[in-house]
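Ligands are counted one by one from 1 in listed order, and the atoms in each one are counted from 1 as well. These values consider heavy atoms only, across backbone and side chains, with no hydrogens, waters or symmetry-generated copies.
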Amino acid sequence: MLFFRNYSFKMVSNQIQSKFRGSLLGSLMGDCLGAPFEGELVSSGDKIIIQRYFDKMEKPEYEGPFKKYTDDTAMMKSVAKFLVTTPEPDLNYLAKLFVNEYYNEPKRGYGQSVATVFEKLKHSKYTDIFRPASEQFDGRGSYGNGGAMRIAPISLYFHNDLENMIKLARDSTRITHGHMLGINGAILQALAIRQAFLLDPTETVKADEFCNTLLKQIHEVEKSYFEDLEDNSEDLPYCAKIKQIKYFLNQEFTDDLQEEIIENLGHGISAYDSVPIAIFCFLKAQNPIPRIETNNVFRRTIQFAITMGGDTDTIACMAGAIVGAHLGEEAINKTLLKHCEKYDDIIALAHKLYENRQLQI
Ligand code: F2R
Ligand code: MG
Ligand code: MG
């Protein structure tokens, strides 16, 4: 049996493959299952509806129409294809994949402004792939969560190479997002997926340790943007959010607390208001949560993320990518999975991603 080093436990090749599939499928499932609730506020009554929605789909006899994926999965597929088809990362090729995917299926619920980037990329014939994004929002760039929602393939592919993972997370995001919060949000999500990937799936994640590692890593990333500040992580945006995650994880979970969590961590379309709550959902769902009735940690994570309301497809997609990277494909209820559009394409893509990575090492 082949064992791989550099992991916190001995990981065999079929476990690695399972984690590749688990993370990409988690991303797809969060997107498909969360999309019908996008933009909504979730009341106590809605939580019961969401519980029934999941219970119904887990019944083998239920044959509803499949849940369509949105821009989150469309763009994640492009990131995976980019890593599969090029021996060396070619960002111009990634920009073309994004644009082609968009023009083939523009009605996947893309962000209102990112379409302008695609148009400019196409019309400029990809001469400077970072320029259109840098011109968005009067030159401030987008801080949307579009970079973070599609990042999973990069974390998986570069799980043994932190430096290059961060570099590619940054550069791949810069094709559409020029704002520091959009870029660093994508890096934070990539770091969370990578850390979950490296952990033993048979063990419950230790939330405090997980947050401390993230804090150290994102502090390194953020401090380069704020060189003029004292070396005080309180002042760094995502560092401050991780401290809030730690605080909220240690409180008793009630409806009032949930409101406070949403107020502080956010549940919106910006990376700053969505990546931290996705990480919180993953960590909180390690243990039972009141009124999320399932023993399956994978389902609990996605269902809990959807009950946060707001940008549900994207928050559940990001939480799903993290839990899938930890637990692998085995943790996924196959009856639930079958309600998600093109799940078999995602399994094939995860397999290709794994195989291509093996060829490169
Ligand atoms: N677009 C949506 N949801 C809207 C409803 C869709 C509906 N259900 C449907 O089917 O039609 N969801 C998707 O967009 C998010 C990812 O967005 P992305 O890729 O980051 O796009 P964009 O356009 O760059 O940013 C999104 C919005 O954020 C605000 N914004 C960003 N930067 C800003 C800045 N510097 N100043 C002011 N506002 C900024 C803008 O409102 C942008 O339009 C995901 O949720 C995905 O699911
Ligand atoms: Mg979407
Ligand atoms: Mg969304």
Item checked: Thr73 and Cys317, any side-chain heavy atoms less than 4.5 Å apart -> no
Notebook entry, point to check: Can you tell me the protein heavy atom closest to atom 6 (C) of ligand 1 and the distance?
Noted result: Glu38 OE1, 3.8 Å
Margin query: Starting from atom 16 (C) of ligand 1, what is the nearest protein heavy atom, named by residue and atom, and what distance separates them?
Written below: Asn145 OD1, 3.1 Å
Notebook entry, point to check: Is there side-chain contact between Glu293 and Pro288, with at least one heavy-atom pair below 4.5 Å?
Noted result: no
Item checked: salt_bridge(Lys120, Asp128) N-O dist < 4.0 Å -> no
Next item on the list: Examine Asp71 and say whether one of its N/O/S atoms is closer to the Mg ion (ligand 3) than 2.8 Å.
Entry: no
Item checked: Backbone of Gly109 reached by a side-chain donor or acceptor of Thr70 within 3.5 Å -> no
Notebook entry, point to check: For ligand 1, is there an N or O atom under 3.5 Å from any N or O atom of Met149?
Noted result: no
Next item on the list: Answer yes when Lys67 and Asp313 have at least one side-chain N-carboxylate O distance shorter than 4.0 Å, and no when they do not.
Entry: no
Note to self: Please determine whether a side-chain nitrogen of the Lys or Arg among Arg299 and Glu58 lies less than 4.0 Å from a carboxylate oxygen of the Asp or Glu.
What the structure shows: yes
Next item on the list: Considering the heavy atoms of Asp72, write down every atom of ligand 1 situated less than 4.0 Å from one of them.
Entry: 46 (C), 47 (O)
Check: From the Mg ion (ligand 2) out to just under 2.8 Å, does an N/O/S atom of Thr70 turn up?
Finding: yes
Check: So which heavy atom in the protein is nearest atom 18 (P) of ligand 1, and how far is it from that ligand atom?
Finding: His177 NE2, 3.6 Å
Next item on the list: Specify whether an N/O/S atom of Thr314 falls short of 2.8 Å from the Mg ion (ligand 3).
Entry: yes
Check: For the Mg ion (ligand 3), which N, O or S atom of Glu38 is at the shortest distance?
Finding: OE2
Margin query: Between Arg150 and Asp71, is there a side-chain heavy-atom distance shorter than 4.5 Å?
Written below: no
Item checked: Contact atoms of ligand 1, heavy-atom distance to Ile269 under 4.0 Å -> 2 (C), 14 (O), 15 (C), 27 (C), 28 (O), 45 (O)
Check: Using the ring of each side chain (for Trp, its six-membered ring), is Phe20 parallel, tilted or perpendicular to Phe197, with breaks at 30° and 60°?
Finding: perpendicular
Next item on the list: Give a yes or no on whether Asp72 keeps an N, O or S atom under 2.8 Å from the Mg ion (ligand 2).
Entry: yes
Next item on the list: Pull out every atom of ligand 1 sitting under 4.0 Å from any heavy atom of Tyr110, numbered as shown with elements.
Entry: 1 (N)
Next item on the list: Please report which non-hydrogen protein atom sits nearest to atom 19 (O) of ligand 1, along with the residue it belongs to and the distance in Å to one decimal place.
Entry: Gly146 CA, 3.4 Å
Check: How about Tyr110 and Tyr102: are their ring centroids closer than 6.0 Å?
Finding: yes
Check: Aromatic rings Phe253 and Phe304: how do their planes relate, parallel, tilted or perpendicular, breaks at 30° and 60°?
Finding: perpendicular
Next item on the list: Taking only heavy atoms of Asp311 into account, list the atoms of ligand 1 that are under 4.0 Å away from them.
Entry: 44 (C), 45 (O)
Check: Passes side chain to side chain contact (heavy atoms under 4.5 Å, CB included), Tyr62 versus His339? Steps please.
Finding: CA-CA 10 Å; Tyr62 176 69; His339 293 288; 3.4 Å; yes
Notebook entry, point to check: Considering only protein heavy atoms, which is closest to atom 10 (O) of ligand 1, and at what distance to one decimal place?
Noted result: Gly109 CA, 3.8 Å
Notebook entry, point to check: Of the options Lys216, Lys223, Gln217, which is the one that meets Glu220 in a side-chain hydrogen bond (donor to acceptor under 3.5 Å, both in side chains)?
Noted result: Lys223
Notebook entry, point to check: Considering only heavy atoms, does Gln112 approach ligand 1 within less than 4.0 Å through its side chain, its backbone, both, or neither?
Noted result: both
Next item on the list: Give the contacting part of Asp71 toward ligand 1: side chain, backbone, both or neither, where contact means a heavy-atom distance below 4.0 Å.
Entry: side chain
Note to self: Give the atom numbers and elements of ligand 1 that come within less than 4.0 Å of a heavy atom of Asp313.
What the structure shows: 47 (O)
Next item on the list: Kindly give the atom name of the N, O or S atom of Asp311 closest to the Mg ion (ligand 3).
Entry: OD1
Margin query: Need the ligand 1 atom indices (1-based, order shown) with element for anything under 4.0 Å from a heavy-atom of Thr314.
Written below: 44 (C), 45 (O), 46 (C), 47 (O)
Item checked: Ring center gap for Tyr53 and Phe37 short of 6.0 angstrom -> yes
Check: Which atoms of ligand 1 are found less than 4.0 Å from any heavy atom of Ser113?
Finding: 23 (O), 42 (C), 43 (O)
Margin query: Closer than 4.0 Å to some heavy atom of Arg140 - which atoms of ligand 1 meet that?
Written below: 36 (N)
Check: ligand 1 and Gly141, any nitrogen or oxygen pair closer than 3.5 angstrom?
Finding: yes
Next item on the list: Give the residue and atom name of whichever protein heavy atom lies nearest to atom 38 (N) of ligand 1, and the separation in Å to one decimal.
Entry: Tyr143 OH, 3.3 Å
Check: Hey, are Asp171 and Lys167 close enough for a salt bridge, meaning a charged N less than 4.0 Å from a carboxylate O?
Finding: yes
Note to self: I'd like to know whether Phe98 forms a ring pair (Phe, Tyr, Trp, His ring centres under 6.0 Å) with Phe82, so could you lay out the CA-CA distance, the side-chain angles of the two residues, the decisive distance to 0.1 Å, and finally the verdict.
What the structure shows: CA-CA 10 Å; Phe98 285 151; Phe82 147 74; 8.4 Å; no
Item checked: Test item: protein heavy atom less than 4.0 Å from atom 41 (O) of ligand 1 -> no
Notebook entry, point to check: Is Glu222 reaching over with its side chain to a backbone N or O of Tyr238, donor-acceptor style, under 3.5 angstrom?
Noted result: yes
Next item on the list: Distance to 0.1 Å, residue and atom name: give those for the protein heavy atom nearest to atom 24 (O) of ligand 1.
Entry: Ser142 OG, 2.7 Å
Next item on the list: Taking the Mg ion (ligand 3) as the reference point, name the nearest N/O/S atom of Asp313.
Entry: OD1
Note to self: Considering non-hydrogen atoms of the protein only, which is the closest contact for atom 21 (O) of ligand 1, and what is the distance?
What the structure shows: Gly111 CA, 3.6 Å
